Amino acid sequence: MSEIAHGRYVGRFAPSPTGPLHFGSLLAACASYLQARQAGGRWLLRIEDIDPPREQPGAARLIIDTLATFGFEWDGPVHYQSARLTRHRELIDQLVQDGYAYQCSCSRSDLARTRRGPLGAIYPGTCRKGSKGHRVAIRALTDRQPITFQDGLQGQQSQCLEVETGDFVIRRRDGLIAYHLAVVADDHDHGVTEVVRGIDLMDSTPRQILLQRRLGFATPRYLHIPVIVDEAGQKLSKQTGAPALRCERCGPTLVAALEALGQSPPDELAEADLADIWAWALRRWNASLLAGKTSIAGNDYPLAATRNGLS
Ligand code: GLU
């Protein structure tokens with residue numbers, strides 16, 4: 001019987017191997033892990049390696065080793081998204097056949113002229129009535145029906161996709177599968193019941209829910225946790241120069257992550273063994289301490305310092 005049939009919790013951490021883990025990614029890993037383990041659920045590790053141009057050689061291995069050194073224990077084998085491309089393509093074909101996706105032959109320069117909104121370019125639906133050309137992207141058809149969901153930490157969220165993003169790409173012109181399609185497919189097939197991830201991905205959720213509905217998949221529960229930002233309000237990320245997590249002093253780094261996640265660990269916990277830190281965290285984990293919080297000031301966490309001098 002599947003995990004879903006049991007009604008059991010399945011969570012996951014799904015890093016892209018674009019570089020080593022940094023303090024911000026540790027927060028997402030910790031929050032999803034503690035949430036799953038405290039519920040007595042399973043926790044999966046999925047490497048989202050479907051965008052080779054953005055990937056760094058060796059990053060997947062490094063991420064896995066770093067997580068293991070920090071004491072994370074995932075259930076089952078590590079999943080690689082790149083091993084599931086046939087399934088992704090089948091689902092895209094199904095969406096096209098059902099009239100929920102279509103080919104788009106717009107060129108880069110056509111797209112550069114489209115109107116932009118807070119979520120990026122808003123595709124005006126140019127190719128809805130048909131497209132010519134052979135190097136085409138595939139877009140999911142959106143509509144004006146608002147997509148609303150109740151985020152476990154950030155409250156009710158709603159988007160009208162046709163107005164806010166327009167029809168969005170699920171297979172790129174270069175043939176690569178887009179993130180939204182792959183994440184929906186894999187979360188569903190792995191029986192994921194709760195997605196805990198950074199708030200920077202919250203805007204993507206309605207597009208993912210639309211795909212779930214079109215494909216007849218259940219929508220998991222979502223919890224979007226705050227992200228570490230610098231003084232300019234920019235998210236700490238590989239792109240903004242976040243330093244790689246170092247494994248020599250995992251304990252204090254893990255305790256700093258718990259502190260950043262609002263769990264108020266006692267100072268002396270930083271000197272404890274990793275196993276004791278995890279035991280404390282599992283006993284005390286309370287996601288609701290993050291309710292409504294959208295950012296964490298990087299300055300408060302020297303470990304989150306960026307190379308260009310934050311903190
Ligand atoms: N692979 C995405 C990232 O590393 C996360 C995807 C997700 O959690 O839905 O940002």
Side-chain angles (χ1 to χ4, degrees), residues 9-36 42-56 58-64 66-67 72 74 78-85 88 119-120 147 149 151-154 157 168-170 172 176-212 215 217-229 234-240 242 244-245 261 287 290:
Y9 187 113
V10 183
R12 49 65 157 187
F13 178 53
S16 303
T18 49
L21 287 181
H22 54 80
F23 191 67
S25 27
L26 180 65
L27 298 191
C30 276
S32 63
Y33 185 67
L34 290 167
Q35 188 73 0
R42 287 164 56 80
W43 186 73
L44 312 180
L45 175 58
R46 182 172 74 230
I47 302 291
E48 301 211 316
D49 54 347
I50 47 158
D51 192 354
R54 287 185 58 232
E55 285 157 22
Q56 223 181 64
R61 188 71 256 157
L62 194 60
I63 289 173
I64 294 166
T66 305
L67 289 170
F72 289 92
W74 47 92
V78 177
H79 298 280
Y80 288 86
Q81 209 156 43
S82 58
R84 295 182 33 83
L85 299 179
H88 298 154
L119 304 180
I147 296 212
F149 70 100
D151 188 81
L153 292 176
Q154 309 298 339
Q157 309 295 320
F168 56 93
V169 171
I170 53 174
R172 293 167 19 180
L176 294 180
I177 309 293
Y179 157 65
H180 297 303
L181 188 284
V183 82
V184 162
D186 294 3
D187 280 344
H188 172 265
D189 290 359
H190 295 148
V192 169
T193 60
E194 193 164 293
V195 171
V196 180
R197 61 186 178 189
I199 200 169
D200 52 313
L201 291 167
M202 192 158 74
D203 284 344
S204 306
T205 308
R207 276 168 278 183
Q208 295 169 16
I209 293 176
L210 178 79
L211 292 177
Q212 288 154 2
L215 291 163
F217 295 169
T219 291
R221 216 166 92 87
Y222 288 96
L223 270 84
H224 286 96
I225 65 161
V227 291
I228 298 257
V229 295
Q234 250 209 331
K235 181 197 164 198
L236 177 78
S237 69
K238 293 154 202 162
Q239 289 75 30
T240 58
L245 278 180
L261 288 167
L290 294 169

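Just so you know, ligand 1 is whichever comes first in the structure, and atom 1 is the first atom listed for that ligand. Everything numeric in this text was worked out from a predicted model, so none of it was measured.
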In the protein, what heavy atom is nearest to atom 3 (C) of ligand 1, and what distance, to one decimal place, separates them?
Ser16 OG, 3.6 Å

On a heavy-atom basis, which atom in Gly198 and which in His224 lie closest, and how many Å separate them?
O-CD2, 3.4 Å

Logged contact type for Thr18 with ligand 1, heavy-atom cut-off 4.0 Å, is neither

Which of the atoms of ligand 1 are close to Glu48, meaning less than 4.0 Å from one of its heavy atoms?
1 (N), 2 (C), 5 (C), 6 (C)

Heavy atoms only: give me the nearest Ala287-Gln35 pair and the separation to one decimal.
CB-OE1, 3.5 Å

Can you check side-chain contact (heavy atoms from CB on, under 4.5 Å) on Arg84 and Asp186, steps first, answer last?
CA-CA 8 Å; Arg84 295 182 33 83; Asp186 294 3; 2.6 Å; yes

Per-atom contacts of ligand 1 with Tyr179, taking only distances under 4.0 Å to non-hydrogen atoms:
6 (C), 7 (C), 9 (O)

Only heavy atoms of Val183, strictly under 4.0 Å: list the atoms of ligand 1 that pass.
9 (O)

Under 3.5 Å, is there a donor on one side chain and an acceptor on the other for Tyr179 and Glu48?
no

Just jot down the ligand 1 atoms closer than 4.0 angstrom to any heavy atom of Arg12, in number order.
7 (C), 8 (O), 9 (O)

Could you tell me, atom by atom, which parts of ligand 1 come under 4.0 Å of a heavy atom of Arg197?
7 (C), 8 (O), 9 (O)

What residue and heavy atom of the protein are closest to atom 10 (O) of ligand 1, and at what distance?
Leu201 CD1, 4.2 Å

Checking contacts here: is it the side chain or the backbone of Phe13 that comes within 4.0 Å of ligand 1, counting heavy atoms only? Could be both or neither.
neither

re atom 5 (C) of ligand 1, the protein heavy-atom contact at minimum distance is Ala14 O, 3.3 Å

Aromatic plane relationship, Phe168 with His180 - under 30° parallel, 30 to 60° tilted, over 60° perpendicular:
perpendicular

Should the ring pair Trp43 and Tyr33 be called parallel, tilted or perpendicular, given that the plane angle runs from 0 to 90° and is split at 30 and 60?
perpendicular

Classify the ring geometry between His188 and Phe217 as parallel (under 30°), tilted (30 to 60°) or perpendicular (over 60°).
parallel

